Amino acid sequence: MPELPEVETIRRAIEPCIVGARISDVSLLDPSIAGPEGPESLQAAVGATVRAVLRRGKHLILLLNGNRGVVLHLRMTGAILLQEPATKARVRAVLSFSNGEKLLFNDMRRLGTIRHYQDMKPLLQRLGPEPLDEDFTADSLKESLSRHRIPIKAALLDQHIVAGVGNMYADEALFLARIHPMTPARNLDIPRVASLWKALRQVLTDAIGSKGASVSTYALPNGEHGTAHFGFNVAHKKGEPCPRCGMALQRVMVRKRGSYYCPTCQPPSGDTAGG
DNA sequence: CCCGGAACCTGAAGGC
DNA sequence: TGCCTTCAGGTTCCGG
């Protein structure tokens with residue numbers, strides 16, 4: 001499941017291959033990948049030069065002239081490949097470039113999208129802060145969380161509150177910060193928010209260093225696997241002993257999302273709803 | 001505004 | 001063995 005570290009890893013891999021090149025062809029083997037705008041809308045990108053490859057949250061952005069952009073979102077099972085896959089591929093789209101490079105959009109479940117934006121500004125502005133940027137501080141996170149009474153786990157998954165965090169890294173950050181996933185966001189005091197802020201940045205930075213977590217279908221554009229999942233403490237580890245205290249890790253549903261945590265290290269606070 | 005739930009999608013896993 | 005149901009989760013949309 002590609003989250004910020006996985007998309008950032010992909011960005012770094014493809015950037016040197018396509019920056020400065022011209023998009024020579026956009027081929028949609030599965031037209032539904034273009035979303036409601038329809039496959040024709042993507043033809044507007046043909047002929048444009050890739051000025052930069054950016055990441056914003058979980059969005060991968062090929063920045064074109066005039067603040068236009070081609071935006072790829074991998075959703076659950078999407079992957080970007082720079083070469084023909086060895087086996088079991090579900091290639092939904094192929095972007096070809098003037099320098100001979102090809103980007104293959106592989107996606108088993110067909111939830112991923114590719115879109116052309118005439119102006120990137122609306123997308124960039126509606127997303128929350130980048131958790132690894134300097135303007136994302138413990139104070140700004142506290143200010144944002146204080147406006148929501150939803151469970152902190154749900155708040156971390158809200159892309160308007162912080163961009164790029166998904167189910168795995170939300171659970172890992174909450175474990176490091178010793179916060180129960182059901183705790184109402186606005187009830188976290190400054191010290192606990194500061195712990196969470198630090199944990200979020202730690203978890204995401206470490207995962208980028210490990211080139212992402214290859215659970216499910218995620219792989220690098222050259223087919224290699226990331227290793228971040230080997231460092232996980234709680235994600236997808238129901239029943240295994242907590243690495244800190246040894247207690248069996250539990251899994252609960254928070255807003256329909258499987259949430260892994262240690263019942264001892266992350267006890268429900270007195271004000272935790274639904275505990 | 002705030003919040004919960006459905007829908008999208010397909011392969012794996014579990015029940016009978 | 002095999003059919004059927006449920007689950008996985010990022011995002012958007014809809015309704016109370």
Side-chain angles (χ1 to χ4, degrees), chain A residues 1-8 10 28-39 55-61 71-80 85 87-93 105-115 117 122-128 130-131 143-174 181-187 204 207 212-219 228-229 232 234-239 250-261 272-274:
Chain A
M1 286 139 267
E3 305 180 22
L4 186 155
E6 288 74 30
V7 179
E8 176 62 21
I10 292 168
L28 304 183
L29 288 69
D30 177 1
S32 69
I33 199 173
E37 294 88 353
R55 179 195 54 74
R56 184 77 171 87
K58 301 167 190 169
H59 300 260
L60 188 62
I61 301 169
V71 179
L72 301 87
H73 200 299
L74 303 175
R75 289 299 215 282
M76 299 298 298
T77 56
I80 302 297
T87 55
K88 287 187 73 173
R90 298 284 189 280
V91 178
R92 310 295 180 187
F105 195 116
N106 193 34
D107 188 6
M108 177 185 80
R109 282 172 60 180
R110 304 175 64 204
L111 293 168
T113 56
I114 305 180
R115 287 175 159 136
Y117 286 74
L123 172 65
L124 299 181
Q125 285 183 346
R126 78 160 193 263
L127 289 169
E130 284 293 322
E143 146 77 20
S144 180
L145 293 179
S146 67
R147 287 185 269 114
H148 300 272
R149 75 182 77 193
I150 59 176
I152 183 59
K153 171 64 184 291
L156 290 177
L157 297 182
D158 186 334
Q159 302 299 297
H160 301 98
I161 295 176
V162 53
V165 179
N167 207 39
M168 298 184 301
Y169 296 107
D171 282 354
E172 290 298 317
L174 289 172
M182 283 296 292
T183 310
R186 64 158 62 160
N187 290 3
L204 297 173
S214 279
V215 301
S216 185
T217 58
Y218 166 76
H229 52 299
F232 282 174
V234 294
H236 301 135
K237 289 178 176 291
K238 178 187 177 184
Q250 291 188 8
R251 177 177 183 269
V252 295
M253 299 305 283
V254 180
R255 299 280 210 92
K256 302 285 187 184
R257 298 298 152 78
S259 301
Y260 302 83
Y261 75 108
T272 295

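Here the structure is a predicted model, which means the values were calculated and not measured. Chain letters run A, B, ... following the sequence lines, proteins first and then strands; every chain starts at 1.
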Query raised in the report: Taking only residues two or more places apart in sequence, or in another chain, which ones meet A/Lys153 in a salt bridge (charged side-chain N to carboxylate O under 4.0 Å, His left out)?
Result: A/Asp171
Query raised in the report: In whole Å, what is the span from the CE atom of A/Met182 to the C1' atom of B/dC3?
Result: 13 Å
Report summary line: Tested for side chain to side chain contact (heavy atoms under 4.5 Å, CB included) against A/Tyr260, the lone hit among A/Gln250, A/Lys238, A/Lys237 is A/Lys238
Query raised in the report: What integer distance in Å separates A/Met253:CE from B/dG5:C1'?
Result: 13 Å
Query raised in the report: Given atom CG of A/Leu145 and atom P of B/dC2, what is their separation to the nearest angstrom?
Result: 13 Å
Report summary line: Rounded to 10°, the angle between the first-five-pair and last-five-pair axes of the helix from B/dC2-C/dG16 to B/dC16-C/dG2 is 60°
Query - Approximate separation, where rounding is to 0.5 Å, of A/Ser32 OG and A/Arg92 CZ - result: 7.5 Å
Query raised in the report: Who pairs with A/Arg115 by salt bridge (charged side-chain N to carboxylate O under 4.0 Å, His left out), at least two apart in sequence or on another chain?
Result: A/Glu37
Query - Counterpart residues, side-chain contact (heavy atoms from CB on, under 4.5 Å), relative to A/Pro2 (two or more places apart) - result: A/Glu6, A/Val7, A/Leu74
Query - N/O donor-acceptor pair under 3.5 Å between A/Glu172 side chain and A/Ala235 backbone - result: yes
Report task. Determine the contact category for A/Gly112: base if any of its heavy atoms lies under 4.0 Å from a base atom, sugar-phosphate if only primed atoms, P, OP1 or OP2 are that close, otherwise nothing. Result -> nothing
Report summary line: With sequence neighbours left out, the residues meeting salt bridge (charged side-chain N to carboxylate O under 4.0 Å, His left out) with A/Arg110 are A/Asp30
Query raised in the report: How many Å lie between NE2 on A/His160 and C1' on C/dC13, as a whole number?
Result: 12 Å
Requested in this report: Round to the nearest Å and state the distance from A/Lys256 atom NZ to B/dC3 atom C1'.
Outcome: 14 Å
Requested in this report: Spell out, as yes or no, whether a donor-acceptor pair under 3.5 Å connects the side chain of A/Asn106 to the backbone of A/Val91.
Outcome: yes
**Report entry** A/Arg75 CZ to C/dC13 C1', straight-line distance once rounded to whole Å
**Finding:** 12 Å
Query raised in the report: Does A/His148 or A/Arg257 map to a spot on DNA chain B nearer the 5' end, using the closest nucleotide for each?
Result: A/His148
**Report entry** Check: C/dT11 base within 3.5 Å donor-acceptor of A/Arg115 side chain
**Finding:** no
Requested in this report: Under 4.0 Å between any heavy atoms, over every strand shown, what does A/Met168 touch: base, sugar-phosphate, or nothing? Just pick one.
Outcome: nothing
Report summary line: residues 158-169 of chain A vs salt bridge (Lys or Arg N to Asp or Glu O under 4.0 Å), sequence neighbours excluded, gives none
Report task. Scan residues 149-158 of chain A against DNA chain C and write down, sorted by residue number, each residue with any heavy atom closer than 4.0 Å; if none is found, say none. Result -> none
Query raised in the report: Does A/Tyr218 have any ring pair (Phe, Tyr, Trp, His ring centres under 6.0 Å) partners at least two apart in sequence or in another chain, and if so, which?
Result: none
Requested in this report: Starting from C1' on B/dC3, measure out to CZ on A/Arg147 and report it in whole angstrom.
Outcome: 16 Å
Query raised in the report: Within the distance-only criterion (no hydrogens, no angle test), does the side chain of A/Glu3 pair as donor or acceptor with the backbone N or O of A/Gly57 below 3.5 angstrom?
Result: no
Report task. State which residues pass side-chain contact (heavy atoms from CB on, under 4.5 Å) with A/Ala154; sequence neighbours excluded, sorted by chain then number. Result -> A/Ile150, A/Pro151, A/Arg255
Expected rows: protein N/O vs nucleotides 8-10 of chain B N/O, under 3.5 Å:
unit_1	atom_1	unit_2	atom_2	d
B/dC9	O2	A/Arg109	NE	2.9
B/dC9	O2	A/Arg109	NH2	2.9
B/dC9	N3	A/Arg109	NH2	3.3
B/dT10	OP1	A/Arg110	NH1	2.9

Query raised in the report: Counting side-chain heavy atoms from CB outward, which of B/dG4, C/dT11, C/dG10 is closest to A/Arg255?
Result: B/dG4
Query raised in the report: Looking for any heavy atom pair under 4.0 Å, which part of the strands does A/Arg126 touch: base, sugar-phosphate only, or nothing?
Result: sugar-phosphate
**Report entry** C/dG10 OP1/OP2 closer than 4.0 Å to side-chain N/O of A/Gln159
**Finding:** no
Requested in this report: Identify, with sequence neighbours excluded, every residue that meets salt bridge (charged side-chain N to carboxylate O under 4.0 Å, His left out) alongside A/Arg56.
Outcome: A/Glu130
Produce the list of close N/O pairs, under 3.5 Å, pairing protein atoms with atoms of nucleotides 14-16 of chain C; give distances to one decimal.
none

Query raised in the report: Is there side-chain contact between A/Leu4 and A/Tyr169, with heavy atoms separated by less than 4.5 Å?
Result: no
Query - Nearest-0.5 Å distance that lies between atom OG1 in A/Thr217 and atom CE in A/Met108 - result: 6.5 Å
Query raised in the report: To the nearest angstrom, how far is A/Asn167 atom CG from C/dG10 atom P?
Result: 5 Å
